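To start, the structure under review is shown below, and the notes come after it.
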Amino acid sequence: MGSSGRWMVWTLCVCFTALQNAALRVTVRESSVQVVQGDVVVLPCSFFTSTPLSRLNVIWTLAPSSSPESPIQVIAYDHGQVIEAPSFIGRVGFTGIPWSADIAVNDTRVADAGTYRCVVNNPPETADPGIGELELSVLAPPSLPVCQWDGDIAAGGSVTLSCSVVEGVPRPQIRWDKVNPGEIALPINVEGDLSGSVQIVNVSSETSGLYRCSAKNLLGTENCYVNLSVHTPPDRSSGLLQAVLITLSMSSVLVALLALVLWLHRTGQDGRGREGGEEEEEEEEEEEEECYNEIRYTPSLMKRSFV
C-alpha cells in the first residue's frame, strides 16, 4: 500500500472517530433562568447529531420545587408529533424543532418553578441520550395578607396579632406596625416562611389603635389591618367620688325642703293666732253692745211700772 493509501485510511479513521465522539451532544446555554410571574420565558436546549432527524425524540420534564421527588412531563416531540402535558396545554411550545429543542413557556406561574431536563434521542444512534438541565425561578409579588387577632381584649389581658400570605417569591418580609395613634414598629415572631405574629401582654387603653401588617419583597408590598379596641372597666375611685357628691347633693336638697316645710308650718300657726285674737275681740265688742242695749229692771222702776 502506497503512502497515498495509508493517508486515506488514516483520514477515514480520524473522521470515523470524530463522528463517534460527536454522535449526540446536548448543551444548555444557561444553568438558571428567572422570570416574573405571568411573563414568557424561553428555556434553551440545543443539540448536535450526525444522524438524520427523521426519528428525533425530545422530552422536557420538570421536577417542581414544591415536590422535586415527583417529576412530570412538560412537552414531548416524537416522530414529528408534539404532545403537551395537561397542566401546560396552551402555555408551552417548541421554538425551533427539529433544529433546536428550545421551548417557550407563557403565562408562567409559581408552580412552574423547578428543575427542567431536556432529553434528546436520535436513533439509530446508539449513544446514550443527551441530557441538559437548568433551574427555573418564577418571581411573584406577595399575595394579599390575611390579618386576624386572638386573645383577651379586656384591660390586663393578652392579645396575639397574626398575619400570613399565600405566596411571594422571594419570600416576603413580614412586618407589624401600630399606625394610629402614632407609628410604632413591633417585634414579630416568624412562623414558617409566609407568616408572622405579634404578642401583646397586659393590654390597656393605650394599646387600642390601628395595626398594620406588611408583606414586602422586591416586586411589591401588600398590607392588611386590624383595629384593636381594649375594654377598660370604669375607675372605682371616681365612681365612689361621684356617689358621694350625689349623696351630698341629695342631702342638701332634703335639708332645704325640710326648712321650707318648717317655715310654712310656723307661718300657718301665726296666721291662725291672729285670726283667733280678732274673733275674740269681735265677740267682746258684740257682748258690750248687747249689754248697752239691755233694759235693766231695778226695784224702783218696777214700783213705778206697777203704779
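Residue numbers count from 1 along this sequence. Given the structure is predicted, the values throughout are model-derived calculations rather than measurements.
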- May I ask whether I103 and W99 are part of the same hydrophobic cluster, defined by side-chain heavy atoms of I, L, V, M, F, W, Y residues being less than 4.5 angstrom apart, directly or through others? yes

- Supply the atom-to-atom distance N217 CG to Q173 CD, rounded to the nearest 0.5 angstrom. 9.0 Å

- Any F94 side-chain heavy atom under 4.5 Å of V82 side chain: yes

- Message: I'd like to know if L62 and I59 are part of one continuous hydrophobic network [Ile/Leu/Val/Met/Phe/Trp/Tyr, side-chain heavy atoms within less than 4.5 Å].
- Response: no

- Message: Which heavy atom of K178 sits nearest to which heavy atom of E206, and what is that distance?
- Response: NZ-O, 2.6 Å

- Query: Would V26 and I131 count as a side chain to side chain contact (heavy atoms under 4.5 Å, CB included) if you check the C-alpha gap in whole Å, the side-chain angles of each, and the deciding distance to 0.1 Å?
  - Reply: CA-CA 6 Å; V26 173; I131 299 176; over 6 Å; no

- For V28 and E30, work out which heavy atoms get closest and say how close. CG1-O, 2.9 Å

- Task: To the nearest 0.5 angstrom, please state how far the CD atom of Q148 sits from the OG atom of S162.
- Result: 4.0 Å

- Is the shortest heavy-atom distance from the side chain of V226 to the side chain of W176 under 4.5 Å? yes

- Message: What verdict does the side chain to side chain contact (heavy atoms under 4.5 Å, CB included) test give for L134 and L43, after you've listed the backbone C-alpha separation in whole Å, the side-chain angles of each residue and the deciding distance to 0.1 Å?
- Response: CA-CA 8 Å; L134 60 85; L43 305 183; 3.9 Å; yes

- Note on the structure: The reported gap from CD1 in I97 to CG in L53 (rounded to nearest 0.5 angstrom) is 8.5 Å

- State whether a side-chain donor-acceptor pair under 3.5 Å links T49 with N122. yes

- Note on the structure: In this structure, CG of D150 is separated from OG of S158 (nearest 0.5 Å) by 9.5 Å

- Answer yes if L139 and L136 sit in the same cluster of Ile, Leu, Val, Met, Phe, Trp and Tyr residues linked by side chain heavy atoms under 4.5 Å apart, and no otherwise. no

- Task: In sequence, state the C-alpha distance, the side-chain angles, and the governing distance for K216 and E222, and then conclude on salt bridge (charged side-chain N to carboxylate O under 4.0 Å, His left out).
- Result: CA-CA 7 Å; K216 179 181 180 180; E222 293 289 347; over 6 Å; no

- Query: Are any of the side-chain heavy atoms of N189 and V198 separated by less than 4.5 Å?
  - Reply: no

- Task: For the residue pair S208 and L228, establish whether any side-chain heavy-atom pair is separated by less than 4.5 Å.
- Result: no

- Query: If you take all heavy atoms of N227 and G209, which pair is closest and at what distance?
  - Reply: OD1-O, 3.2 Å

- Query: Is any side-chain heavy atom of L144 closer than 4.5 Å to a side-chain heavy atom of V165?
  - Reply: no

- Task: For residues I174 and C213, report the shortest heavy-atom separation together with the two atoms involved.
- Result: CG2-SG, 3.8 Å

- Do C163 and V146 come close enough that some side-chain heavy atom pair is under 4.5 Å? no

- Message: E133 vs T115, test: side chain to side chain contact (heavy atoms under 4.5 Å, CB included). Steps then yes/no.
- Response: CA-CA 7 Å; E133 187 173 284; T115 302; 3.5 Å; yes

- Identify whether Y77 and V120 are in the same connected component of the hydrophobic contact network (ILVMFWY, side-chain heavy atoms under 4.5 Å). yes

- Message: Has D177 got a side-chain atom pairing as donor or acceptor with V179's backbone, closer than 3.5 angstrom?
- Response: no

- Query: Hey, are T61 and Q73 close enough side-chain-wise for a donor-acceptor pair under 3.5 Å?
  - Reply: no

- Nearest heavy atoms of S70 and P64, plus distance in Å: O-CD, 3.6 Å

- Item | Y211 side chain reached by L186 side chain, heavy atoms, under 4.5 Å | yes

- Are the side chains of D112 and V105 in touch, meaning some heavy atoms are under 4.5 Å apart? yes

- Is the backbone N or O of L161 less than 3.5 Å from a side-chain atom of S197, with the two atoms forming a donor-acceptor pair by type? no

- Query: So does E84 pair up with R91, basic N to acidic O under 4.0 Å?
  - Reply: no

- Out of curiosity, does V138 fall in the hydrophobic cluster containing V41 (side-chain heavy atoms, cut-off under 4.5 Å, transitive links)? yes

- Worked check of side chain to side chain contact (heavy atoms under 4.5 Å, CB included) between L56 and F47: CA-CA 11 Å; L56 178 67; F47 60 90; 3.7 Å; yes

- Item | From CZ (R29) to CG (D102), nearest 0.5 Å | 4.5 Å

- Message: Using a strict SG to SG cutoff of under 2.5 Å, would you count C147 and C224 as disulfide-linked?
- Response: yes

- Note on the structure: Note: P68 and S66 closest approach over all heavy atoms is CD-C, 3.8 Å

- salt bridge (charged side-chain N to carboxylate O under 4.0 Å, His left out) between R55 and D78, worked out: CA-CA 7 Å; R55 298 177 61 186; D78 187 27; over 6 Å; no

- Message: Closer than 3.5 angstrom, by distance alone: can the side chain of T108 be matched with the main-chain N or O of D39 as a donor-acceptor pair?
- Response: yes

- N223 side chain to S214 side chain, donor-acceptor N/O pair below 3.5 angstrom: yes

